[in-house]
Peer 1: 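This is the structure, below, for whatever I ask next.
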Amino acid sequence: MPAAFYERDVRTVARGLLGAWVASGEGDGLVELQLTEVEAYAGETDPGSHAYRGRTRRNATMFGPPGRAYVYFTYGMHWCANLVCAPEGTARAVLLRAGAVGRGIELARARRERGVAIRDRDLARGPARLTVALGVTGTLDGVDVTDPGSPLRVLAGTRVPRARVAVGPRVGVRGAGAPTPWRFSILGDPTVSGYRPG
DNA sequence: CTTCCGATCTTCT
DNA sequence: GAAGATCGGAAGC
């Protein structure tokens, strides 16, 4: 997607990302997945956002230019990836929650499986599973996803009509920011992550 | 399908 | 010192 795509309202960007492709690596290391579920975070005014209490060492990328990846470590063992939106200085980002792996499915499976077989629909079903399938870790924090030569990039895909987009409360967010209906997913898609009580 | 629990460690108060 | 934008396994329906 072009850089201008990210220079809009964070919810507009989130909706527009459904159906888009996220790609990592190249050649034998290529993995591509189509986004089926995302979540919007609105910076300093959003109680559920990492940027709610201002700029810190971890969330610095959120305050930077749009079209970059904001990758953070959580729960002592998981990486999660966001795409930063504009304008610069406003700390808005879209969390990539789930996707359907299209290309590089063998590599994605090898990265995800730890002894037990995993169904195709579960390969990138959830934000931390998605980063494992793509091979994304903290070293990719801040990379430009609009650059074709980047290790992580986003490409235009199927446009999802409004009628096929489900809107609901965010997952895993507690407190005042939780009920905010800023979670977007493709209606009925089997790769959309399940509900987990807070 | 749902609920409960432990794992594991960085970040910020 | 506590909480966290989670996951996988086990157990219950």
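To find a chain, count down the sequence lines: A is the first, B the second, and so on, and within it residues start at 1. On a predicted model such as this, the values are computed, not experimentally measured, just so you know.
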Peer 1: Residues from residues 67-78 of chain A sitting under 4.0 Å of DNA chain C, heavy atoms only?
Peer 2: A/Tyr72, A/Tyr75, A/Gly76, A/His78

Peer 1: Distance check: side-chain N/O of A/Arg112 vs OP1/OP2 of C/dG8, anything under 4.0 Å?
Peer 2: yes

Peer 1: Would you classify A/Gly126 as touching base, sugar-phosphate or nothing, given that sugar-phosphate means primed atoms plus P, OP1 and OP2, and contacts are heavy atoms under 4.0 Å?
Peer 2: sugar-phosphate

Peer 1: How close or far is atom C1' of B/dT10 from atom CG of A/Asn59, stated in whole angstroms?
Peer 2: 14 Å

Peer 1: How long is the straight-line distance from NE2 of A/His50 back to CG of A/Leu95, given to the nearest 0.5 Å?
Peer 2: 9.0 Å

Peer 1: With a cut-off of under 6.0 Å to the ring centre and 45° to the axis, is A/Arg68 in cation-pi contact with A/Tyr70?
Peer 2: no

Peer 1: In whole angstroms, how far is the C1' atom of C/dT6 from the CZ atom of A/Arg125?
Peer 2: 14 Å

Peer 1: In whole angstroms, how far is the P atom of C/dA5 from the CZ atom of A/Phe184?
Peer 2: 19 Å

Peer 1: Between P on C/dA5 and CG on A/Asp141, what's the gap in Å once rounded to a whole number?
Peer 2: 16 Å

Peer 1: Between A/Asp120 and A/Arg109, does the salt bridge (charged side-chain N to carboxylate O under 4.0 Å, His left out) criterion hold? Intermediate values first, please.
Peer 2: CA-CA 8 Å; A/Asp120 288 359; A/Arg109 188 182 306 284; 2.3 Å; yes

Peer 1: Would a distance-only check, ignoring hydrogens and angles, find a side-chain to backbone donor-acceptor pair under 3.5 Å from A/Glu113 to A/Ile118?
Peer 2: yes

Peer 1: In whole angstrom, give the distance that lies between atom NE2 of A/His50 and atom P of B/dT13.
Peer 2: 12 Å

Peer 1: Can you check the A/Trp79 CH2 to C/dC7 P distance for me, whole Å?
Peer 2: 15 Å

Peer 1: Just N and O in the side chain of A/Arg97: are any of them under 4.0 Å from OP1 or OP2 of C/dT6?
Peer 2: yes

Peer 1: I need the single residue from A/Arg53, A/Arg92, A/Arg170 that forms a salt bridge (Lys or Arg N to Asp or Glu O under 4.0 Å) with A/Asp46. Which is it?
Peer 2: A/Arg170

Peer 1: How is A/Arg58 classified with respect to the nucleic acid when contacts are heavy atoms under 4.0 Å: base, sugar-phosphate, or nothing?
Peer 2: sugar-phosphate

Peer 1: Using the side-chain hydrogen bond (donor to acceptor under 3.5 Å, both in side chains) rule, take A/Ser193 and A/Arg97 through it: C-alpha gap first, then chi angles, then the decisive distance, then the call.
Peer 2: CA-CA 7 Å; A/Ser193 67; A/Arg97 285 200 58 88; 3.2 Å; yes

Peer 1: Any chance you could measure A/Asp28, atom CG, to A/Glu106, atom CD, to the nearest 0.5 Å?
Peer 2: 12.0 Å

Peer 1: Return the value, rounded to whole Å, for the distance between atom CG of A/Asp122 and atom C1' of C/dG9.
Peer 2: 14 Å

Peer 1: Around atom CD of A/Glu26, are there more than 12 heavy atoms of other residues, nucleotides or ligands at under 6.0 Å?
Peer 2: no

Peer 1: Atom CZ of A/Arg119 to atom C1' of C/dG9: distance rounded to whole Å?
Peer 2: 14 Å

Peer 1: Identify the stems formed by DNA chain B, where each pair is Watson-Crick or G-U wobble with both distances under 3.5 angstrom and a stem is at least 3 consecutive pairs.
Peer 2: B:1-7 with C:6-12, B:9-12 with C:1-4

Peer 1: Side chains of A/Thr61 and A/Asp141: is there a donor and an acceptor less than 3.5 Å apart?
Peer 2: yes

Peer 1: With a 4.0 Å cut-off on heavy atoms, is A/Arg114 in touch with a base, just the backbone sugar-phosphate, or nothing at all?
Peer 2: nothing

